[in-house]
Amino acid sequence: MKRILTFIMVLACTFASAQTIDDVLRYSTENLQGTARFQAMGGAFGALGGDLSALNVNPAGSAVFNFSEIGFTGSNYHINNDALYGNSLRSTTSNSLDFNQVGGVFVFNSSTDSPWKKIALAFNYDMVQNFDNEFTASGNTAVGVDNYFLNFAQGEPLGPLRTQQGEFIEDAYLDIGANLGYSAQQAFLGFQSGIIEPVEDDDQNTSYFSNAQYGSVNQRYLQNTSGYNSKFTLNFAGQYKEDLYLGASVNFHNVIYDRVSYLDEDGYDADSPIQYTSFDNLLHTEGYGFSFSLGAIAKVNQSIRIGGSYQSPTWYTLTDDTSQRINSNLAVSDIDFINFNIVNLYDEYRIKTPEKYTGSVALVFGQDGLISLDYSYQDMSKAELRPTSDPNFTAENDFIASTLGAVNSYRLGGEYRIEEVSLRAGYRFEESPYENSDFIGDLNGFSAGIGYNFGASRLDLAYSRTEQDINSYFFDGGIDSAALINRINTNISLGYTLKF
């Protein structure tokens, strides 16, 4: 009988390989993207405006424009990951090139004696996060992958973990996931691959032991991610009299995220029944979101500007699908039929990210230059997986509330003009979202850039670099194997704007 590709909607909610605190953090944080000028100045535009990507910080910024303008930016993303695992250090680099920003603003000056001097309508597309990344970790560990399967298998009856007469192994895998949940499905993989065995050969058995014997094992792990989180902004702002700018934006988010991981393990004892194991996982997420923001900028005098803004929570609606494959020297003969073509589809779920507040101040030195400082506050403990009525989400939300904390962010930028040339620099600091920064460290970054004004157009070049230490876990549940990664992101961006 010919085997065909099988899809099934998984109704069980016990999905341990996604819908966790990691997903909340992935879609709650924003990497520094935007126009080249915005990046060169560290994103410190809350009290300045006059830049299309400044709308992400303060929507009142579009009213600062004196002319209508369109612009676009392309960036080269370079990531270096130094992964420490089992006393071994592996370095991995990746590069990608993309258009990360395009937008325009239309300025309408008042022709009457109205106190509203002008209004501005703007649109802008920004890549909030570029997920293209890869790292490799390898080393010696005392925690083998058998512990992952034992963690899920204990308490699961043996009967459903057997294939029924005439049943294909891939159909059994999908059926268990749909009807018994993720834990039973992982136990099925461990049992069919020969990594774990029941204590008693009885369908009612619920206890298991490992076929892998070792004091330590060698593991090689590769994780590759791709995709993006983008934001399309529609903005309206106005200038009231000479000194006040007010604005509002609505934002439409789009998410595509793919993560594939490969784990190979060997180095068992010579008399171990298991001599090698491979276990690969694929996660695909896509969805959309909505948010809005409000802001104001005031001129205190000719040199000082202050700004304040509110960014609402982002309400994401997401769907996941997963695929897996496994093998070992004790696996059943048809184990290869469970592969990346066999897809688990999961019910739609939602994530609510926390709101953000930003206060800003800027010193403008006429036509010579400026200095700007932004401070933002976001309480990550308020993030939620929804529906909250789901008991698994309730437990994870409790974990989020007790594990994550307030994030204070600081952005400092400056610009110095020499006739048509603008020299720029910036600094960025963002606290870890965890109460315990051993999980994810603070982020530090600096940037620099140059721009040339042709009169009706401008060309900008920016260089930005951020560094952060991250504990990257191999699995979202089961065991706590993790590599300590020092991640350095380096962006080089080129932007062009045209006034009309």
Side-chain angles (χ1 to χ4, degrees), residues 16-17 81-94 133-154 161 169-170 173 182-183 185-199 207-225 259-283 322-342 470-485:
S17 64
N81 291 304
D82 290 333
L84 178 63
Y85 182 66
N87 295 321
S88 297
L89 184 67
R90 292 287 299 269
S91 294
T92 311
T93 60
S94 58
N133 191 19
E134 180 178 302
F135 78 88
T136 301
S138 64
N140 194 263
T141 177
V143 183
V145 72
D146 58 316
N147 288 278
Y148 171 87
F149 296 105
L150 285 173
N151 178 79
F152 288 113
Q154 303 298 359
L161 305 187
I169 191 172
E170 62 270 34
Y173 165 79
Y182 186 81
S183 292
Q185 190 180 59
Q186 300 312 289
F188 175 82
L189 288 178
F191 175 64
Q192 294 292 330
S193 63
I195 297 173
I196 61 173
E197 289 287 347
V199 172
S207 297
Y208 301 83
F209 65 92
S210 172
N211 271 328
Q213 299 174 13
Y214 57 88
S216 63
V217 291
N218 301 315
Q219 290 184 340
R220 294 168 298 280
Y221 180 82
L222 169 66
Q223 183 184 106
N224 182 287
T225 60
R259 183 185 69 206
V260 60
S261 63
Y262 307 92
L263 177 69
D264 293 312
E265 184 177 279
D266 56 22
Y268 305 96
D269 294 345
D271 58 350
S272 171
I274 290 288
Q275 284 298 309
Y276 76 86
T277 302
S278 65
F279 184 40
D280 306 329
N281 286 268
L282 174 65
L283 166 67
T322 66
S323 300
Q324 298 178 292
R325 61 190 183 197
I326 191 169
N327 212 336
S328 81
N329 59 293
L330 290 183
V332 296
S333 59
D334 56 354
I335 195 70
D336 288 340
F337 285 104
I338 300 176
N339 54 48
F340 284 172
N341 290 323
I342 307 302
I470 299 168
N471 261 305
S472 185
Y473 289 87
F474 294 175
F475 305 101
D476 290 334
I479 55 176
D480 292 334
S481 297
L484 176 60
I485 297 177

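- Here the side chain of N339 pairs a donor or acceptor atom with the backbone of N341 at under 3.5 angstrom.
- Every residue meeting the salt bridge (Lys or Arg N to Asp or Glu O under 4.0 Å) condition with D266, not counting sequence neighbours, appears here in chain and number order: R220.
- The only option from F188, F475, Y182, F191 that meets the ring pair (Phe, Tyr, Trp, His ring centres under 6.0 Å) definition with F152 turns out to be Y182.
- Of all heavy-atom pairs spanning G144 and I479, the tightest one is O-CD1, 4.1 Å.
- Pairing each heavy atom of E134 with each of T92, the nearest pair is O-CG2, 3.6 Å.
- With hydrogens and angles left out, the side-chain atoms of R90 and S138 include a donor and acceptor closer than 3.5 Å.
- Between the side chains of Q213 and D269, no donor N or O sits under 3.5 Å from an acceptor N or O.
- Between L89 and D82, some side-chain heavy-atom pair lies under the 4.5 Å cut-off.
- Smallest separation of non-hydrogen atoms from N281 and Q324: OD1-NE2, 2.8 Å.
- When all heavy atoms are compared, the tightest approach of G194 to I274 is O-CD1, 3.6 Å.
- The structure places CG of L484 at 9.5 Å from CD1 of I470, a figure rounded to the nearest 0.5 Å.
- Of the N and O atoms on the side chains of N140 and S216, at least one donor lies less than 3.5 Å from an acceptor on the other residue.
- One distance of note links OG of S210 with CG of N147; it measures 7.0 Å at 0.5 Å rounding.
- The main-chain N or O of Y268 is never found under 3.5 Å from a side-chain atom of S272 such that the two would form a donor-acceptor pair.
- With hydrogens and angles ignored, the 3.5 Å screen pairs no side-chain donor or acceptor of Y262 with any backbone N or O of Y221.
- Across all their heavy atoms, F135 and A483 have their closest contact at CE1-CB, 4.4 Å.
- Atoms CG and CD, on L161 and Q186 in that order, are 11.5 Å from each other to the nearest 0.5 Å.
- Taking the six-membered ring wherever Trp is involved, the centroid distance between the rings of Y148 and F279 falls below 6.0 Å.
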